[in-house]
2 protein chains.
Amino acid sequence: MTMKVAEPTVERLVQYCRLLEQLHDEGRRVVSSQEIGDMLGLKASQVRKDLSYFGEIGKRGVGYHVDRLFEHIRSILSPPHHWKIALVGAGRLGEALLGYKAFKSDKFNIEAVFDVDPDKTGTTVAGIPCYHPDSLPQVLKEKNIEVLILTIPASAAQAVVDLAAKAGTLKGVLTFAPTTLVAPEGVLIYGVDISVELEKLLFYLKHGEL
Amino acid sequence: MTMKVAEPTVERLVQYCRLLEQLHDEGRRVVSSQEIGDMLGLKASQVRKDLSYFGEIGKRGVGYHVDRLFEHIRSILSPPHHWKIALVGAGRLGEALLGYKAFKSDKFNIEAVFDVDPDKTGTTVAGIPCYHPDSLPQVLKEKNIEVLILTIPASAAQAVVDLAAKAGTLKGVLTFAPTTLVAPEGVLIYGVDISVELEKLLFYLKHGEL
DNA sequence: TAATGTGAAAAGCTTCACAGCT
DNA sequence: AGCTGTGAAGCTTTTCACATTA
């Protein structure tokens, strides 16, 4: 099933998913759009519109069945595809991500790590084999890796993306480098800049309003 | 000056600021909206609209004076206020942030670190004094800290926010914990969830389109 | 009755097109 | 001539209001 879903909607779907998991653990059986909205800071009508994009899943007069809704959203978010991911940059941020609980998932797996540090290449980092970035094209092709996570300085980011694209297997990049990257043909680049987020918070603190 | 600025606009303003800093270092004197747009992947008209919110700052027929524009945006983003920040959770992610170049700024300073690890409390982490989270209210009040960065597990996040709010000085929180937090009265909470960002990327990779 | 699903209205954001400076 | 500033058009996302159904 291919369906056009707006960016803000995807973000909320992920949040619903996480919330439903929590509710399940608490033994909750049903939940209403109003309750979901209150817990997530959204309007009930927004919640209903999001959930109804994919067919009628709730029961009128009752609400949504927690487990059923969870499985439903999960199947929309994670298609039957297992992603192979490589992480470039085994510094503190890279290692933090490797150890991050929420990063263990059955949707994807981190298959390789790359770092310039000669103490790390040739060994394993957090149980994952570590290579020198020079061998990006070979290793990506060999392991058929489609996604890259970049936790390297801004100055090295573009070169790594261009080199990795040579493997021909690369489909997407999640970068934490505080710089704008030019995407090679056929590669989707998604950036998270932590210092930008902090600046945004400070801006809103000063100027009031959310 | 208080002005309502939309969220996407703030994000772009931060990007302009960073780009202009770069251009300044390269010795560039003037730049056009078209060039800025090309470098940041935005339409020229978008750039002009963003920049004109705060008065006429460009020169018609010429473009924008790099240094002047930089100072202008800077003054919008960071009012004459120096923020005092505390970081809670001196794990790998926390230490990564403390060592992060882009986190050194004259707009704010990290004044205290909190962690439950008895090996860390009472000493300094990356040169910053480390306390036990139990003393959050006292330390925040003493140092007049207004912003908290949370790099702790989801399970502890809400309790830390509630405790910190008791100091009465807290205005904002930037959290990396993958959970939804309830904001105490008068506190603005801004969350960055790394695993959500990865899920969003994977979703778009599967469903095509940006 | 209580809560969903949904067309239509409202709000928000981006792009266009061109007038207006330099 | 060249490039900004900006009202208006166009598109996207949110909210409303209510018919619908368990």
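Below, all heavy atoms of this structure are taken into account, side chains as well, without hydrogens, waters or symmetry copies. Owing to the predicted nature of the structure, the values given are computational and were not obtained by experimental measurement. Throughout, a chain's letter reflects where its sequence line sits, starting with A, and its residues are numbered from 1.
- Across all strands, A:Ser33 comes closer than 4.0 Å only to sugar-phosphate atoms, never to a base (heavy-atom distances).
- Along DNA chain C, the nucleotide nearest to A:Gly55 and the one nearest to B:Gln46 differ in position, and the one closer to the 5' end is contacted by A:Gly55.
- Following rounding to the nearest Å, A:Phe54 (CZ) and C:dT4 (C1') show an atom-to-atom distance of 17 Å.
- Screening residues 145-157 of chain A for salt bridge (charged side-chain N to carboxylate O under 4.0 Å, His left out), with sequence neighbours left out, gives A:Glu146-A:Lys171.
- Mapping A:Arg48 and A:Pro8 onto DNA chain D via the closest heavy atom, the residue that lands nearer the 5' end is A:Pro8.
- Distance NZ (B:Lys59) to C1' (C:dG20): 16 Å, rounded to an integer number of Å.
- Distance CD (A:Gln34) to P (D:dT15): 13 Å, rounded to an integer number of Å.
- Position along DNA chain D of the nearest nucleotide to A:Thr9 versus B:Gly63 favours B:Gly63 as the more 5'-ward residue.
- Atom CG in B:Asp50 sits roughly 13 Å away from atom C1' in D:dT6 (whole-Å rounding).
- In terms of phosphate contacts, B:Arg12 brings a side-chain nitrogen or oxygen within less than 4.0 Å of OP1 or OP2 of C:dT14.
- One atom, CD of B:Glu11, and another, C1' of C:dT14, lie 16 Å apart when rounded to the nearest Å.
- For B:Lys43, taking side-chain heavy atoms from C-beta onward, the closest of the listed nucleotides C:dA8, C:dT15, D:dT4 is C:dT15.
- In this model, no donor atom of one side chain and acceptor atom of the other lie less than 3.5 Å apart for A:His82 and A:Asp106.
- Residue-level contact check: A:Ile57 touches the backbone only, with heavy atoms under 4.0 Å from sugar-phosphate atoms and none from bases.
- Distances were taken from every side-chain heavy atom of A:Lys49 (C-beta onward) to each of C:dG5, C:dT15, D:dT15; the shortest belongs to D:dT15.
- Using a 4.0 Å heavy-atom distance criterion, A:Ser32 is classed as a sugar-phosphate-only contact.
- OP1 and OP2 of D:dT4 both lie 4.0 Å or more from every side-chain N or O belonging to B:Tyr53.
- For residues 40-49 of chain B, there are no salt bridge (charged side-chain N to carboxylate O under 4.0 Å, His left out) pairs, not counting sequence neighbours.
- Following rounding to the nearest Å, B:Tyr64 (OH) and C:dT22 (C1') show an atom-to-atom distance of 14 Å.
- For C:dT4, its base sits under 3.5 Å from the side chain of A:Arg60 at one donor and acceptor pair at least.
- Remark: A:Arg28 engages A:Glu35 in a salt bridge, criterion side-chain N to carboxylate O under 4.0 Å.
- As a whole-Å value, the separation of B:His65 NE2 from D:dT4 C1' is 16 Å.
- A donor atom on one side chain and an acceptor atom on the other are not found under 3.5 Å apart for A:Gln138 and A:Ser135.
- Counting to the nearest Å, the P atom of C:dA3 and the CG atom of A:Leu51 are 15 Å from each other.
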